[in-house]
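Reminder, nothing fancy here: chain letters follow the sequence lines and each chain counts from 1.
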Number of protein chains: 2
Amino acid sequence: MSKQQGPVVDLGDLCATRVTREPLTEEQADDLASAFKALGDPVRLRLLSLIASHADGEACVCDLTGAFELSAPTISHHLKVLRESGLVESERRGTWIYYRVRPEALRSLSESLMPVAGVPA
Amino acid sequence: MSKQQGPVVDLGDLCATRVTREPLTEEQADDLASAFKALGDPVRLRLLSLIASHADGEACVCDLTGAFELSAPTISHHLKVLRESGLVESERRGTWIYYRVRPEALRSLSESLMPVAGVPA
C-alpha cells in the first residue's frame, strides 16, 4: 500500500461548527461553504453515492467512469474536488486509485444544519 | 399581509431523497445539488444563520445588510438564491420583505447525507 492521499481541508475541524442560531463568523462560513459547494454538483453527488454503494464502500476510478457520459479526466476532476473538500479519501494501490467516503466529514456537514433545521445539536 | 413568495424548488419533494448507498438517479442528484449549491457560498450561509438567529426567526432585509460589506442589491441577490432553492421563504409586509428559514427544507438536506455518513435513515 502506498501513502494515503489525505484531504486538503480537514472537515474534522468543523465538528463544532453549526449553521446555528448564533450568527456564523466569516471563517466558519468559509469552511462550511467550501464543503457544501463540493456537494453542489449532481455529478459529484452521484459519484459520492456510487462510491458508498460499492462493496466495502470503496471504488476504483475504473468502477465509476462507466456510470457517466463524461470523459475520464472530467470524472477525475470531480473526484479531486471531493477529495480536496475532505468528503472522500483516496489511496493508490498498484496502478489504480481507490476512493472511499469519509463518513465523519459528511456527518459534520449534516449536523451543521440541524440547529437551523430546528433539530437540537 | 400580502401574498407569500414561495420557493421555486420545493424541497418537500426531496424528503425521500438520500445520498444513499443506492446510487442516486440523475434527477435526484440534480435536485439535491441545486440546494447544496445554494449553501455553497459563505455570504448565503451567514445570511441563513443571521435570519435564524433573529427574534421570531424572522428578519427584514434592513436587519441583514449591516452585517456585510456588500451592496443591498448583492444581499438581495443572495436572498433570492436562498428563496428559489427553497431554503428560506419571504413575505412582503408594507414596504419591507421579511425572510424566514424553512426548517423542513434544511432538515431534508441534513437527512439526505445521513446514510452516506453512516447514520441510519
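- In this structure, A:L70 is a member of the same hydrophobic cluster as A:L47, with clusters built from ILVMFWY side-chain heavy atoms closer than 4.5 Å.
- B:L82 is connected to B:L64 through a chain of hydrophobic side-chain contacts under 4.5 Å among Ile, Leu, Val, Met, Phe, Trp and Tyr, so both are in one cluster.
- Side-chain contact between B:K37 and A:K37: absent, with no pair of heavy atoms (C-beta onward) separated by less than 4.5 Å.
- Side-chain contact between A:L113 and B:L39 is present, with at least one heavy-atom pair separated by less than 4.5 Å.
- Contacts of A:D41 with chain B are made by backbone atoms alone, with heavy-atom separations under 4.5 Å and no side-chain atom involved.
- Side-chain heavy atoms closer than 4.5 Å link hydrophobic residues (I, L, V, M, F, W, Y) into clusters, and following such links, possibly through other members, connects A:L79 to A:L109.
- Here the straight-line distance linking atom CG of B:D30 with atom CZ of A:R46 works out to 8.5 Å at 0.5 Å rounding.
- In this structure, CZ in B:R44 is found 12.5 Å from CZ in A:F36, a value given to the nearest 0.5 Å.
- The minimum heavy-atom distance between A:A29 and B:P42, with the atom names listed, is CB-O, 3.6 Å.
- The heavy-atom pair separating B:S110 from A:M114 by the smallest distance is OG-CG, 3.7 Å.
- Residues A:A33 and B:L45 approach most closely at N-CD1, 3.4 Å, considering heavy atoms.
- B:V43 and B:V81 are members of different hydrophobic clusters when ILVMFWY side chains are connected at heavy-atom separations under 4.5 Å.
- Note on B:V101 and B:I97: same hydrophobic cluster, where clusters join Ile, Leu, Val, Met, Phe, Trp and Tyr whose side-chain heavy atoms are under 4.5 Å apart, directly or indirectly.
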